[in-house]
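Structure record follows, encoded as structure tokens.
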Amino acid sequence: MTIEISIVAPIYNEFDNIPELYRRVKAVMDAQGLTWELVLVDDGSTDGSTERMRELARQDKRVRPVIFARNFGHQIAVTAGLDYARGAAVVIIDADLQDPPELIPDLIAKWREGYEVVYAVRAEREGETWFKRTTAALFYRIIFRITDVKIPLDTGDFRLLDRKVVDVLGKMRERHRFLRGMAAWVGFRQIGVPYKRAARFAGVTKYPFRKMLRLALNAITSFSYFPLQLATYAGFVSAGIAIIAIPVVIALRLAGSQFFGGQATTLIAVLFLGGVQLISLGVLGEYIGRLYDEAKGRPLYIVREEPEK
Ligand code: UDP
Ligand code: MG
């Protein structure tokens with residue numbers, strides 16, 4: 001049987017959300033009269049989500065759990081979902097129901113019109129803290145500014161991808177993944193559909209500040225050299241200042257002025273440049289560390305239990 005739509009949901013301790021996710025996806029998809037499957041990727045859950053997914057799969061063969069050997073992170077879990085999905089189009093959705101499954105028919109409608117990537121745009125957000133909303137808004141704008149790919153603003157991973165796009169993404173095995181950037185990078189015909197991002201149905205966010213920061217760093221380093229170039233710019237600026245300052249200081253000294261005297265001036269200049277150099281080293285380190293990770297060529301994820309064929 002060919003499958004028209006695969007729905008991929010990454011799951012990390014979403015015990016209370018799984019039944020509701022299944023219920024709503026089933027209601028929407030059955031009403032569409034399409035053949036579909038729900039690929040649930042268990043990203044090392046420890047709260048019993050795994051057993052819940054197995055149970056669902058026993059009841060309904062369209063539910064296909066992919067169970068990881070440990071927690072690999074959201075972007076990797078989605079990647080595995082794309083690898084296992086068999087549909088002619090794949091919808092990526094969060095398991096916490098912040099992305100309403102009821103929007104899927106709208107995504108499918110655009111796909112039928114010929115678009116290969118249909119991403120959902122967060123027109124409104126509810127139930128998220130001021131901090132999350134502000135940092136998210138800032139994040140999308142910085143990424144948009146400094147990266148070479150025009151990643152659409154205020155879009156998450158909630159989107160529909162045509163089989164062609166899924167196959168291309170499947171060949172991009174980079175370790176530090178920023179899927180929405182990668183999906184923008186591949187091109188194809190793309191369009192956005194606005195939606196209202198709901199509050200979580202149950203549970204708490206699995207994206208603490210630390211993980212958000214890592215995702216932001218991955219997004220920037222995967223799509224931009226800007227942080228590396230900053231060191232070059234800073235170098236030119238400080239060299240420029242020195243070239244101007246040297247004759248000025250000499251002239252002032254010859255004229256008998258003590259204006260640039262004293263240890264404090266020297267100390268400040270040394271500390272400032274030392275700081276800039278250390279930051280530049282750190283930036284270099286971020287890129288080199290990522291290179292090192294790629295060089296090791298380890299698998300992106302390890303599956304403990306595969307879904308039934
Ligand atoms: N998630 C995951 N692995 C992780 C963190 C999150 O698979 O290490 C899943 C999580 O279960 C959810 C989705 O990714 O389905 C989005 O996470 P969350 O809702 O916590 O992020 P937020 O919406 O708060 O940004
Ligand atoms: Mg969420």
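Whatever order the structure lists ligands and atoms in, that order sets their numbers, starting from 1. Along the sequence shown, residues carry numbers from 1.
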Return the closest protein heavy atom for [atom] as residue, atom name and distance.
atom                    : answer
atom 24 (O) of ligand 1 : Thr205 OG1, 2.6 Å
atom 14 (O) of ligand 1 : His74 CD2, 3.1 Å
atom 3 (N) of ligand 1  : Asp43 OD2, 2.6 Å
atom 6 (C) of ligand 1  : Lys206 CB, 3.6 Å
atom 11 (O) of ligand 1 : Glu14 OE2, 2.6 Å
atom 21 (O) of ligand 1 : Tyr207 CD1, 3.3 Å
atom 13 (C) of ligand 1 : Asp94 OD1, 3.6 Å
atom 8 (O) of ligand 1  : Lys211 NZ, 2.9 Å

Which of the numbered atoms in ligand 1 are below 4.0 angstrom from a heavy atom of [X]?
X      : result
Arg197 : 23 (O)
Ala95  : 15 (O)
Tyr12  : 1 (N), 2 (C), 3 (N), 4 (C), 5 (C), 7 (O), 8 (O), 11 (O)
Ile11  : 7 (O), 11 (O)
Lys132 : 22 (P), 24 (O), 25 (O)
Asp96  : 19 (O), 23 (O)

Where do Phe158 and Tyr195 land on the ring pair (Phe, Tyr, Trp, His ring centres under 6.0 Å) test, with the steps shown first?
CA-CA 10 Å; Phe158 185 26; Tyr195 80 109; 5.3 Å; yes
Closest non-hydrogen atom pair between Leu56 and Val63, with its separation
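What the structure gives for the nearest pair is CB-CG1, 4.1 Å.
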What I want to find out is whether [X] reaches [Y] closely enough, with some N-O distance under 4.0 Å, to be called a salt bridge.
X      : Y      : value
Arg52  : Glu14  : no
Arg290 : Glu294 : no
Lys110 : Glu116 : no
Glu308 : Arg64  : no
Asp30  : Arg62  : yes
Asp167 : Lys171 : no
Arg175 : Asp293 : no
Arg58  : Glu51  : yes

Determine whether the aromatic ring centres of residues Tyr301 and Phe68 are separated by less than 6.0 angstrom.
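Ring-ring flag for Phe68/Tyr301: true, centres closer than 6.0 Å.
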His74 ring center within less than 6.0 Å of Tyr207 ring center
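Yes, the ring of Tyr207 comes within the 6.0 Å limit of the ring of His74, centre to centre.
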Indicate yes or no: does an N/O atom of Pro10 lie under 3.5 Å from an N/O atom of ligand 1?
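By distance alone, the answer is yes.
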Regarding ligand 1, does Ala77 bring an N or O atom to under 3.5 Å of one of the ligand's N or O atoms?
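Among all N and O atoms of Ala77, none is under 3.5 Å from an N or O of ligand 1.
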So, does Met212 sit close enough to ligand 1 that a heavy atom of it is under 4.0 Å from the ligand?
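Met212 does not count as a contact of ligand 1 under the 4.0 Å cut-off.
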Less than 4.5 Å apart, side chain to side chain, heavy atoms only: is that true for Tyr22 and Asp60?
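In contact.
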Tell me which donor-acceptor pairs under 3.5 Å the side chains of residues 138-146 have, and how far apart each pair is, sequence neighbours excluded?
| residue | atom | partner | partner atom | Å |
| --- | --- | --- | --- | --- |
| Tyr140 | OH | Arg122 | NH1 | 3.2 |
| Tyr140 | OH | Thr155 | O | 3.4 |
| Tyr140 | OH | Arg180 | NH1 | 3.0 |
| Arg141 | NH1 | Ala137 | O | 3.0 |
| Arg141 | NH2 | Asp154 | OD2 | 3.1 |

Distance filter under 2.8 Å, centred on the Mg ion (ligand 2) - protein N, O or S atoms that pass it:
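Asp96 OD2, Gln98 OE1, with waters left out.
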Pick whichever of Gln98, Arg200, Gln75 has a heavy atom sitting closest to atom 18 (P) of ligand 1.
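Minimum heavy-atom distance to atom 18 (P) of ligand 1 goes to Arg200.
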Check for me whether Lys296 meets the cation-pi criterion with Tyr292, that is, NZ or CZ under 6.0 Å from the six-membered ring centre and within 45 degrees of the ring axis.
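That pair qualifies as a cation-pi contact.
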